[in-house]
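Heads up: the structure comes next, in structure tokens.
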Amino acid sequence: EYGVRKTVKLLASGTVTRRQFRKICEPVLLYAEQREEALSSGALNDNSMSELAEAIELAFDSCVTVFAGLLTIVRKVVRHNTPLDKVQRDLAELRFPDEFLSDVLAVLKKSRDTLADAAERRCAALPSLDALTWRTDVTISSDCMARVLEPSLLMRVATSDGRQRTFACDPEQFEQLRFGVAQLLNDMNAVESLSVLKIK
């Protein structure tokens with residue numbers, strides 16, 4: 001991430017003190033935990049960064065750079081549920097200064113559960129599958145043909161939003177559905193086995 005690298009470069013230059021860094025961490029957590037509420041209540045507004053920069057006696061551009069870099073790190077760590085030891089290794093590889101790195105890890109350790117809960121509340125989710133029932137029907141005859149003997153699958157799904165859906169498919173369509181689900185599960189297993197923190 002370019003923003004994280006830019007933040008690392010700024011911190012390594014000695015432009016930002018530890019006191020200033022810790023002050024910037026506060027609105028980062030506030031925004032990550034209570035984005036909508038903080039904006040609607042006025043706790044954060046268009047002038048927040050300029051007011052913070054003036055209060056901690058730091059250049060506005062530097063304040064924004066550190067804020068953006070920290071917010072990127074927090075979001076990615078929470079989104080991917082990355083262990084703190086991996087966060088530490090990855091940031092160390094980016095040459096994140098040790099004195100600031102310890103503060104980042106302390107903030108993540110203290111606020112991780114709150115941040116994860118806030119992210120989950122904001123996450124748009126589709127209804128989950130509660131139940132699936134099915135049966136096989138065989139059409140013996142129809143108005144057009146005296147003898148058909150064509151099997152079909154009648155499926156009914158119940159979802160967590162309380163709705164039920166019924167649909168029919170022929171054996172070929174069912175095989176396509178079964179193959180698609182199996183392939184999706186295989187892909188999910190492959191993704192879960194990978195290292196997912198990508199802050200570099």
Side-chain angles (χ1 to χ4, degrees), residues 1-41 43-46 48-53 55-56 58-126 128 184-200:
E1 284 282 351
Y2 172 74
V4 176
R5 291 185 178 278
K6 190 175 180 182
T7 299
V8 171
K9 185 176 180 180
L10 177 64
L11 295 176
S13 71
T15 304
V16 182
T17 67
R18 195 168 185 180
R19 179 187 67 85
Q20 292 169 330
F21 182 81
R22 287 177 172 176
K23 284 292 184 181
I24 298 173
C25 285
E26 295 174 9
V28 169
L29 285 177
L30 181 62
Y31 186 85
E33 293 175 1
Q34 309 173 33
R35 181 172 59 194
E36 291 82 4
E37 297 90 337
L39 292 172
S40 62
S41 67
L44 290 175
N45 55 57
D46 293 340
S48 293
M49 280 296 98
S50 57
E51 292 171 356
L52 175 62
I56 64 177
L58 182 66
F60 175 76
D61 289 347
S62 298
C63 189
V64 170
T65 297
V66 175
F67 178 91
L70 285 176
L71 186 60
T72 299
I73 293 171
V74 169
R75 281 177 167 172
K76 288 187 177 291
V77 169
V78 172
R79 182 182 305 153
H80 300 304
N81 194 25
T82 309
L84 288 182
D85 58 342
K86 175 152 179 56
V87 177
Q88 183 174 9
R89 289 197 305 271
D90 287 346
L91 290 178
E93 286 181 14
L94 289 174
R95 298 183 180 178
F96 205 96
D98 290 340
E99 59 178 320
F100 301 114
L101 178 55
S102 61
D103 286 338
V104 171
L105 295 174
V107 165
L108 289 172
K109 183 176 181 180
K110 180 180 178 181
S111 306
R112 186 172 199 137
D113 290 343
T114 307
L115 290 166
D117 290 343
E120 188 174 349
R121 288 195 304 271
R122 288 196 297 266
C123 181
L126 294 173
S128 58
L184 178 61
L185 290 173
N186 184 61
D187 291 344
M188 288 173 63
N189 288 332
V191 169
E192 287 176 356
S193 67
L194 297 176
S195 174
V196 290
L197 180 63
K198 298 191 177 358
I199 59 177
K200 298 182 184 180

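All figures in this text were calculated on a predicted structure; none of them were measured in a lab. What's counted below: heavy atoms across the whole structure, side chains too, no hydrogens, waters or symmetry copies.
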Requested in this report: Please report the shortest heavy-atom distance between Cys63 and Ala53, naming the atom on each side.
Outcome: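 It is CB-CB, 3.9 Å.
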Requested in this report: Write down the atom of Ala32, the atom of Leu71, and the distance for their closest heavy-atom approach.
Outcome: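 Scanning both residues completely, I find the closest heavy atoms to be CB-CD1, 4.2 Å.
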Requested in this report: Using side-chain contact (heavy atoms from CB on, under 4.5 Å) as the criterion, point out the one residue from Ile24, Thr17, Leu52 that pairs with Leu58.
Outcome: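 Single side-chain contact (heavy atoms from CB on, under 4.5 Å) partner of Leu58 among Ile24, Thr17, Leu52: Ile24.
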Query raised in the report: Is the backbone of Thr7 close enough, under 3.5 Å, to the side chain of Thr65 for a donor and an acceptor to pair up by distance?
Result: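 No.
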About how many Å separate [atom2] of [Y] and [atom1] of [X], when rounded to the nearest 0.5 Å?
X     : Y      : atom1 : atom2 : answer
Lys9  : Phe96  : NZ    : CZ    : 15.5 Å
Leu11 : Lys6   : CG    : NZ    : 12.5 Å
Leu30 : Ser111 : CG    : OG    : 11.0 Å
Thr15 : Asp61  : OG1   : CG    : 12.0 Å
Cys25 : Phe67  : SG    : CZ    : 10.5 Å
Thr72 : Arg5   : OG1   : CZ    : 13.0 Å

Query raised in the report: How would you list all residue pairs meeting salt bridge (charged side-chain N to carboxylate O under 4.0 Å, His left out) that involve residues 13-26, not counting sequence neighbours?
Result: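 The answer is Arg18-Asp103, Arg22-Asp103.
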**Report entry** Aromatic plane relationship, Phe21 with Phe100 - under 30° parallel, 30 to 60° tilted, over 60° perpendicular
**Finding:**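 Tilted.
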Query raised in the report: Are Gln88 and Leu105 side-chain neighbours, meaning at least one heavy-atom pair lies under 4.5 Å?
Result: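 Heavy-atom side-chain distance check passes, below 4.5 Å.
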Query raised in the report: Below 4.5 Å, heavy atoms only, C-beta onward: do Leu108 and Val104 meet side chain to side chain?
Result: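 Yes; the side chains approach each other to less than 4.5 Å.
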Query - Under the side chain to side chain contact (heavy atoms under 4.5 Å, CB included) test, residues paired with Arg95 that sit two or more places apart - result: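 With sequence neighbours excluded, Arg95 shows a side chain to side chain contact (heavy atoms under 4.5 Å, CB included) to no residue whatsoever.
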